[in-house]
Protein chains: 2
Amino acid sequence: MVTLKDIAHRANVSESTVSKALNGNENINDETRENILEIARELDYSPNYRAQALANKTTNIIGVVIPRLDRYYYTELVQHIKKRLQESNYSLILCSTDKSIKEEKKYIKNFKRGQVDGAIFTEIHEENCTALLELADKIPVIGLGNVGYVTEFAEQIPIVDSDLTEGSYRLTKYLLDLGHKNIIFIGDCEARFSGFKRAMKENDNNINDKFFRSGLDSYQEGLKLGKEIAALAKQPTAIVCMNDELAIGVITSLKKQGKKIPDDVSVCGMDNIDLSQAFTPSLTSVEVPKKAIAQKAVDIIMKFLSEENIFEGSNQILFDTELIIRNSVKKMYIQ
Amino acid sequence: MVTLKDIAHRANVSESTVSKALNGNENINDETRENILEIARELDYSPNYRAQALANKTTNIIGVVIPRLDRYYYTELVQHIKKRLQESNYSLILCSTDKSIKEEKKYIKNFKRGQVDGAIFTEIHEENCTALLELADKIPVIGLGNVGYVTEFAEQIPIVDSDLTEGSYRLTKYLLDLGHKNIIFIGDCEARFSGFKRAMKENDNNINDKFFRSGLDSYQEGLKLGKEIAALAKQPTAIVCMNDELAIGVITSLKKQGKKIPDDVSVCGMDNIDLSQAFTPSLTSVEVPKKAIAQKAVDIIMKFLSEENIFEGSNQILFDTELIIRNSVKKMYIQ
DNA sequence: CTGTTAGCGCGTTCAG
DNA sequence: CTGAACGCGCTAACAG
């Protein structure tokens, strides 16, 4: 490995002079600088990452923690985060918790030890909030999603999210306006469920919370749930799924059991992932501005890192969502 | 930040004694060890990542480079890699190149500077092979996919892949056996195209390479291609897409233009992603053992890192693929 | 069993 | 403009 020392030796100068030359320090003779740069090029020198990290107390890495790596919504989000980070020449260390509290804590710990310069957490577990606050004491931390119990920490941990309580409220309202009455909610997201509940209450409808269960969030779960739902004594006319993958799973399963979507039962999702328009029937969903969220999160961290080292302005940013009407919902009142 | 020094001070011992106690060194008095551990706990000490990295010359991080973060095949693959890595207590720094040679080179450079202990590259660009070899000189590097031009470097860079040349050969053969004659291939993967070509040649069929084009690999591209194909003078009876997302895009587009799948035209994909069975029609595809590939790649790196520091055994591992027959292909000979 | 010393590779004073 | 000296926080070799 080529080090400063090697260059210094070859150039007959001290290491510190080399360091300065390489880092664009002004106070250095043009000639010696040129010479040093020339030698560095010849030797194909590039500074040791670990040494720089220790000396500079920075890694140029941002940690991003998501629940799963193979969940569309998150990977689309991370793709946007990566793009934005790249503009500032930061790398990204991507961690998935597989929904485990313990794993999440492990990442928090690693980050605390100086593995990254800043962190973006999605879907933080309530149990880890204190640990996260301690982390936020050392490096900038942003939370995406699961606003609920994190709100109280907003001073130290800015939250960027889409207003899915409102989004799911509007979606449910849309169903109610079309004449649906027996609507069930599927998923494990508090915020989304609460929007659903608000809409249902406003119309004096009964709220079935049987399918508001932890772990209900994937295509595979949707497949299982389809059977469970088909076996229900009282069949719903519409199903609100907390995300598109769940909806696709449910529909696939219901179809296999001979149900027509949306004729027999309407199903809609949220997040509006790429494939929801390709699916048959195309999925009525709620658009989440992933790109805007990603960019905002990165921008906040970068600002903190580059400038004042303090969060400013509003620490809780909610982006609006948009109802995307497609073909997986039936109008009831026409009958 | 709490350092060894702080603990040493409190315990009235030297830093090195603390270091030993904390690292489970045998040669240390039980009493002093207990005392040190106790203090460390009190102070909530955890070693500085960057300092350890410099001193140990390791980061406990493996770099994984993929073309895109929002491509199903890769994220499923990475999810498996992560799982396996976790067993060895390694983290993963995930980099996406967005198919840019320049970005890929940037990651190689970062890795060379000591950012990671080992690296897994997928879809390596030919232009970066020399740079990659230099990297492989310092840390273990594994290549996944795009076996073609990398083969010659197999001594230094083990390759783990699925045999998709064979897989696409079998898929094409299956179509031919069902009586299809005018089959087109869509995609930008050399290996998959060559399997297609071999099957076609064996049956003395014409090979249309009009849709073997760089960049053809995504759902969005599939949507565009659907139009292009529908406008063709001579309509194909079957389309082989290099991956499932592309196939889903093509089908979605063709459907919109009034085509029936598979009655008017058969379409199949490769990779067998989760959703291909949920799609309508369910997709005939080629199963790739992602989990096995991921685990094998990690295992090779871990072995290198933990033991002999040298690659052994075969350096080019090809897993078998499996033809998954579903409902997106029509039998022609029945007519 | 413990402490001293040196070093990992780089950045940064602060004299000269 | 240059270099010596020290620090980042931890590990390792070697005395004692």
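We name chains A, B, ... by the order of the sequence lines, and we start the count at 1 in each one. Hydrogens, waters and symmetry mates are skipped; everything else that's a heavy atom, side chains included, is used.
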- Item | Qualifying side-chain hydrogen bond (donor to acceptor under 3.5 Å, both in side chains) pairs, either residue in residues 55-66 of chain A, two or more places apart | Thr59(A)-Asp117(A)
- Message: Please determine whether the number of non-hydrogen atoms from other residues, nucleotides or ligands lying under 6.0 Å from atom NZ of Lys109(B) exceeds 12.
- Response: no
- Message: Minimum heavy-atom separation for Ser91(B) and Asn110(A), please, with both atom names.
- Response: OG-ND2, 3.9 Å
- Message: Could you tell me how far apart Arg113(B) (CZ) and dC8(C) (C1') are, to the nearest whole angstrom?
- Response: 16 Å
- Message: According to side-chain contact (heavy atoms from CB on, under 4.5 Å), who are the partners of Lys102(A), at least two apart in sequence or on a separate chain?
- Response: Ser100(A)
- Rounded to the Å, how far apart are Ile36(A) CD1 and dC10(C) P? 14 Å
- Using a 4.0 Å cut-off on protein heavy atoms (strictly under), produce a 5'-to-3' string for nucleotides 6-16 of chain D with B for base contact, S for backbone-only sugar-phosphate contact, and - for none. --BBBBBB---
- Note on the structure: Taken to the nearest whole Å, CD1/Ile28(A) to C1'/dG3(D) is 11 Å
- Tell me: NE2 of His9(A) to C1' of dG9(C), nearest whole Å? 17 Å
- Message: What verdict does the salt bridge (Lys or Arg N to Asp or Glu O under 4.0 Å) test give for Glu15(A) and Lys5(A), after you've listed the backbone C-alpha separation in whole Å, the side-chain angles of each residue and the deciding distance to 0.1 Å?
- Response: CA-CA 6 Å; Glu15(A) 290 181 45; Lys5(A) 206 172 172 182; 5.6 Å; no
- Task: Return the value, rounded to whole Å, for the distance between atom CG of Leu22(A) and atom C1' of dT12(C).
- Result: 15 Å
- Query: Once you round it to whole Å, what is the distance between P of dG11(C) and CD1 of Ile7(A)?
  - Reply: 11 Å
- Note on the structure: Asp6(A) CG to dC10(C) C1', in whole Å, measures 13 Å
- Query: Does Glu103(A) come within less than 4.0 Å of Lys82(B), counting only side-chain N to carboxylate O?
  - Reply: yes
- Would you classify Asp30(A) as touching base, sugar-phosphate or nothing, given that sugar-phosphate means primed atoms plus P, OP1 and OP2, and contacts are heavy atoms under 4.0 Å? nothing
